[in-house]
Amino acid sequence: MNRRSLLAFSILAPLLSSPAFAGKAEIFTGLVEGVAAGGYDAVSYFSGAPTEGSAEYKTEWKGVEWRFASAANRDTFIATPEKYAPQYGGYCAYAVSKGSTAKGDPTAWTVNDGKLYLNYSTAVRDTWKMDILGNVAAANANWPKVLE
């Protein structure tokens with residue numbers, strides 16, 4: 001390794017091992033910093049009426065804040081978070097099915113077979129719905145590798 005290459009490597013090596021290069025977070029919080037599902041109440045999707053949560057009714061799970069519209073919904077989530085949390089950490093389910101990630105929009109959602117899926121937009125959700133079973137199978141095969 002020549003001197004210039006060694007210098008470049010010594011400058012870049014610490015950056016490459018920093019958390020910024022360690023991969024994406026398991027739970028998407030890009031819409032409301034540090035808050036899952038864009039601040040929406042994950043339990044409310046299962047009644048067919050998604051509702052924004054309140055900081056008054058919150059809990060922490062997997063290192064991020066989850067907000068709820070009521071204490072009852074918060075307590076329901078705490079009892080079985082895996083049942084209510086969006087699949088693929090709230091990233092766009094269709095993007096995950098294609099081997100990538102994109103933001104999940106809490107207003108572009110589907111509940112299928114007892115599981116919540118968020119998509120990038122309602123247009124992407126319409127594409128997702130054309131083959132939910134195939135898309136779920138592909139997304140399951142890609143998750144969590146897409147976070148690397």
Residue pair A139 / A93: nearest heavy atoms and the distance that separates them
CB-O, 4.0 Å

When rounded to the nearest 0.5 Å, the distance separating CZ of R67 from CG of D41 is 12.0 Å

Could you state the interatomic distance from CD (Q87) to OG1 (T110), rounded to the nearest 0.5 Å?
12.0 Å

Can we call the ring centroids of F46 and Y84 under 6.0 Å apart?
yes

L147 and E26 have their tightest heavy-atom pair at CD1-CA, 3.8 Å

Applying side-chain contact (heavy atoms from CB on, under 4.5 Å), run through V136 and Y88 and close with a yes or a no.
CA-CA 10 Å; V136 166; Y88 320 119; 4.0 Å; yes

Report the distance from atom CD of E56 to atom CZ of R74, rounding to the nearest 0.5 Å.
9.0 Å

In short, A36 meets I27 closest at the heavy-atom pair CB-CG2, 3.8 Å

One should read off an interatomic distance between T59 OG1 and E65 CD, to the nearest 0.5 angstrom, of 9.0 Å

Might you point out which heavy atoms bring T127 and N135 nearest each other, and give the distance in Å?
O-ND2, 4.1 Å

Any side-chain heavy atom of S100 sitting closer than 4.5 Å to one from Y91?
no

What heavy-atom pair brings W66 and A85 nearest, and what distance separates the two atoms?
CH2-CB, 3.8 Å

If we only count heavy atoms from C-beta on, is the L116 to V111 side-chain gap below 4.5 Å?
yes

Between F68 and T51, is any pair of side-chain heavy atoms under 4.5 Å apart?
no

Side chains of W109 and Y40, heavy atoms from C-beta outward: is any pair under 4.5 Å?
no

Test of understanding: clusters of I, L, V, M, F, W, Y form through side-chain heavy atoms closer than 4.5 Å, transitively. Do V96 and I132 belong to the same one?
yes

Does one hydrophobic cluster hold both V35 and Y57, with members joined at side-chain heavy-atom distances below 4.5 Å?
no

What closest approach, in Å, do S47 and S44 show between heavy atoms, and which atom pair accounts for it?
OG-O, 2.8 Å

Interatomic spacing from CG in L118 to CZ in R125 - rounded to 0.5 Å
10.5 Å

SG on C92 to CH2 on W128, rounded to 0.5 Å:
8.0 Å

Taking the side chain as every heavy atom from C-beta outward, state whether N112 and Y117 have any atom pair closer than 4.5 Å.
yes

Within 45° of the six-membered ring axis of Y120 and under 6.0 Å from that ring's centre, is NZ or CZ of K103 located there?
yes

Is there a donor-acceptor contact under 3.5 Å from the side chain of N119 to the main chain of V124?
no

When the ring centroid of W61 is compared with that of F77, is the distance short of 6.0 Å?
yes

